[in-house]
Chemist: 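First the structure, which I've put down as structure tokens, then a few questions once you've had a look.
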Amino acid sequence: MIDTTLDAGFTNVLMMIREVGKTMLRPAGLEADRSGSPIPEDHPMFVAFNRTGLSFGAVGTGKHSSGDGPSRVNRAAILAAEEMAYWDQGACMSLPGPGLGAPPIRILGTEDQKQRFLVDPFADKSKPAWGAYATTEAAAGSDVARIRTTARKEGDHYILDGDKMFITNGARASWVVVFATVDPEAGRAGQRAFVVEKGTPGFTLGRIEKKMGLTASETATLFFENCRVHEDNILGSKNGKGSDKAGFKAAMSTFDITRPMVAAMAVGIGRCAWERAAEIARDAFGDKPSNPLEQKMLERLAFARRRLDAARMLCWRAAWKMDHRENNTVEASMAKVYAPPAALLTTQLAMDVCGLAGVRNDLLVEKCFRDVKVFDIFEGTGEVQRIVLARRLFGYPRTH
Amino acid sequence: MIEFGTTEEEQLFTETAVRFGDEQLRGDEREHEKARQYPETLHKLFAELGLAGINKKDAGLQASHRIAVWSALAAADPSAPFGLDPIGPGGALLGDLPDGMGFVVVEPGLEVADGLATGTIAWIPRVRLDWLLLIHKDGLHLVRQPPWEPLTSRPCGLQASGGLEVALDETPCELVGGQDMAAAVLAECRLLAGSVMLGAARDAHDAAAQYGQERVAFGKPIAHHQGLAFQLADSATDLDAAQLLLEASQGHPGMVANAHAHSCEVAQRICERAVQVLGGHGYLYDHRVEKRMRDVRATASLYGGSMLSELDAAASVLDFPDPLEMAS
Ligand SMILES: Cc1cc2nc3c(=O)[nH]c(=O)nc-3n(C[C@H](O)[C@H](O)[C@H](O)COP(=O)(O)OP(=O)(O)OC[C@H]3O[C@@H](n4cnc5c(N)ncnc54)[C@H](O)[C@@H]3O)c2cc1C
């Protein structure tokens, strides 16, 4: 039996987020989109958000159940992800907190590192702080083994050299988890994760990227040149043992948690465009279409709606499995493969329904169209997800 | 006889447009987008090359020439045909249009009665407007000196062509053509919009195919991974199919409607795929595929968009010309 009703606990989560979304995320996101620049670090929204006491890093591996039953954390997180994105995903990604840097520290870090990087910087709620996660380089994205940033041991320090690209909140972060290789020939096995703190000599900022959408979120290039990082900042033990093969596997397993969330975000953006278009349709002809064009508008909306609904179910199923501590790699990848294209199509059809007005950035659907494309790209591209699925479902061979 | 070649004249027009695009548009595409207009010098050069007059009736050109030029311009910058051609589609069919910049609008919400037009046109990709042609169910209506305002908001694409909003409030208009003429003008608009979308999509696809051969992941160029190779092959095929359909539809309004609807669908898909091939890089202003995706999306909303075309196509589908009919 499938039960898709939301109990009071889930509803409360949604209500809280709806309030934050309406009063903070949407206005700040629109402001940034119109100005063409990310939300500035000193925007009052960040302190106001901190005051709400909400935190969105609370995804888990299914271990944190309350009482005897399975965890609810991942299902709550998936609902939260969709709802936040509905209001503004760019603004959501700009919110203070450790961000994508949290999972590797949580999984690979020592207790001391968790205290230093996940607790201390965020203790003072009046001072928004950010963390960031940096694997991608200009020449290496999906193929993580190709990263060329090197880490050379020198006494009790490592010397980092290389550039990182596309780093969310990279310029404002107090620290960045940087993946670098101690042995370029060893591929992933040679990679270690370092926490590089802001102000470390040799760590400098490049440009902030201009993007099609998600303008509210800062995407930065970072440079490491002769950058000396103390060995205390290598995640795991001093030689990075915690980040060897097993550690990496653990780090990668966080994708099974985050991928359905990213898929759910796409659903949220699609839903936003869909609702706006449905409103326009309702304003135009009420309940009953009176001509073929209006009928066509309804068909467009129905076509998009069934895809969005199916996408949401895939996301919820992946989260439910995670809450039950079952392997959900297949379900997570299915959600990630299906939802972003479904959401993009929804935004395109919503623009059709809105006619010429749909092209303008004051109607929101156009912004949703620009925001949503990237969900098929980051957190594992659609193509890479299909490979994961093919391997798991019918033994597609590893070729590399 | 079945022929797929281009005439020497078509080739000449294409080459002129391609050269203009390569030399004057490509390098400054982002600058023009930011400025939301083209510099005066570019308008002048465009006119000197004879490109500004291709939509004039007395130019005596065929739709195939106009398709070739608009498609080539769109490959370099999809805004250019809308921003630089003062007349635009429809002009070739109507002799005595007023001077200056005009635009053809299909806006189902407009009311036209007793020589007065009322309603809002939310977006026109122009920097100024001296006349408007309204396609309405009873025919073609001309509005001289329509009241326009620059957009305070930003369209998702075609920004270099400018952006206007027009609010007609019992604004005088003249009937300048009957239903047949309105249908012919609409077909011409769809043909040229289709050629812009496909020209832009072809350029996005070319960029993606080239990038795919240079970018290496998992030991080989990404275009040599089957998952991407099939997508690129599909794009190339879809493009040719849509282009042939569009070109073959000239002179058959029902087919044009279908070809336009198909162009909207195909061009959007190809541009989106091109962005996908470039991965995160495709999402950045650094690469033209990012802009192509937005420009094509905006173009797909012009002239009634694909929904109206689908309806017109459906209405005329029973009259679909068989090969014998096309021969006549
Ligand atoms: C807004 C934004 C925010 C980001 N934030 C971060 C961040 O905070 N930290 C971080 O480290 N990174 C971040 N990224 C980077 C993101 O994770 C990468 O863009 C993504 O991993 C894809 O890598 P790539 O862009 O290099 O594309 P590539 O890996 O070069 O892929 C290009 C194309 O090739 C395809 N492809 C690759 N391999 C295969 C194959 N074997 N078979 C078939 N097709 C294949 C891909 O699917 C894609 O279509 C961000 C990116 C964006 C756009």
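Chain naming here is simple, since letters A, B, ... match the order of the sequence lines and numbering starts at 1 in each.
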Chemist: Looking only at non-hydrogen atoms, find the nearest pair between M165(A) and L284(B) and report the distance.
Modeler: CE-CD1, 3.7 Å
Chemist: Mind listing the closest non-hydrogen atom pair of R370(A) and Y283(B) along with its distance?
Modeler: O-OH, 2.7 Å
Chemist: Given that the side chain runs from C-beta out, which part of H281(B) has a heavy atom under 4.5 Å from chain A: side chain, backbone, both or neither?
Modeler: both
Chemist: Counting neighbours of CZ on R282(A) that are heavy atoms of other residues, nucleotides or ligands and sit closer than 6.0 Å, is the number greater than 12?
Modeler: no
Chemist: Please check: side-chain N/O of Q276(B) versus main-chain N/O of D376(A), any donor-acceptor pairing under 3.5 Å?
Modeler: yes
Chemist: Which pair of non-hydrogen atoms, one from G355(A) and one from S301(B), has the smallest distance, and what is that distance?
Modeler: O-OG, 4.1 Å
Chemist: If I measure from the heavy atoms of chain B, does F166(A) come under 4.5 Å with its side chain, its backbone, both, or neither?
Modeler: side chain
Chemist: Given that the side chain runs from C-beta out, which part of L158(B) has a heavy atom under 4.5 Å from chain A: side chain, backbone, both or neither?
Modeler: neither
Chemist: How long is the straight-line distance from CD of Q348(A) back to CZ of R269(B), given to the nearest 0.5 Å?
Modeler: 10.0 Å
Chemist: Chain A: which of V216(B), I121(B), L151(B), V275(B) shares the most heavy-atom pairs with it under 4.5 Å?
Modeler: V216(B)
Chemist: Heavy atoms only: give me the nearest K211(A)-Y285(B) pair and the separation to one decimal.
Modeler: O-CE1, 3.2 Å
Chemist: Looking at E299(A), R386(A), K373(A), which one has more heavy-atom pairs under 4.5 Å with chain B than the rest?
Modeler: K373(A)
Chemist: If I measure from the heavy atoms of chain B, does L214(A) come under 4.5 Å with its side chain, its backbone, both, or neither?
Modeler: both
Chemist: Just so I understand: if I count every heavy-atom pair under 4.5 Å between each of G304(B), G157(B), G279(B), G163(B) and chain A, which residue has the most?
Modeler: G279(B)
Chemist: Counting neighbours of CD on Q226(B) that are heavy atoms of other residues, nucleotides or ligands and sit closer than 6.0 Å, is the number greater than 12?
Modeler: no
Chemist: Which heavy atom in S306(B) sits nearest to a heavy atom in R300(A), and how many Å separate them?
Modeler: OG-NH2, 2.9 Å
Chemist: Got a salt bridge between D143(A) and R215(B), using NZ or NE/NH1/NH2 to carboxylate O under 4.0 Å?
Modeler: no
Chemist: Where on I222(B) is there a heavy atom nearer than 4.5 Å to chain A: the side chain, the backbone, both, or neither?
Modeler: neither
Chemist: Under 4.5 Å heavy-atom distance to chain B, tell me which part of A140(A) shows up: side chain, backbone, both or neither.
Modeler: backbone
Chemist: Where on A357(A) is there a heavy atom nearer than 4.5 Å to chain B: the side chain, the backbone, both, or neither?
Modeler: both
Chemist: So, does R360(A) use its side chain to make a donor-acceptor pair with the main chain of A122(B) at under 3.5 Å?
Modeler: yes
Chemist: Give me the atom names and distance for the closest heavy-atom approach of G280(B) to I377(A).
Modeler: N-CG2, 3.3 Å
Chemist: After noting the C-alpha distance and the side-chain angles of M351(A) and C156(B), does the key distance pass the side chain to side chain contact (heavy atoms under 4.5 Å, CB included) rule?
Modeler: CA-CA 11 Å; M351(A) 284 178 77; C156(B) 75; 3.8 Å; yes
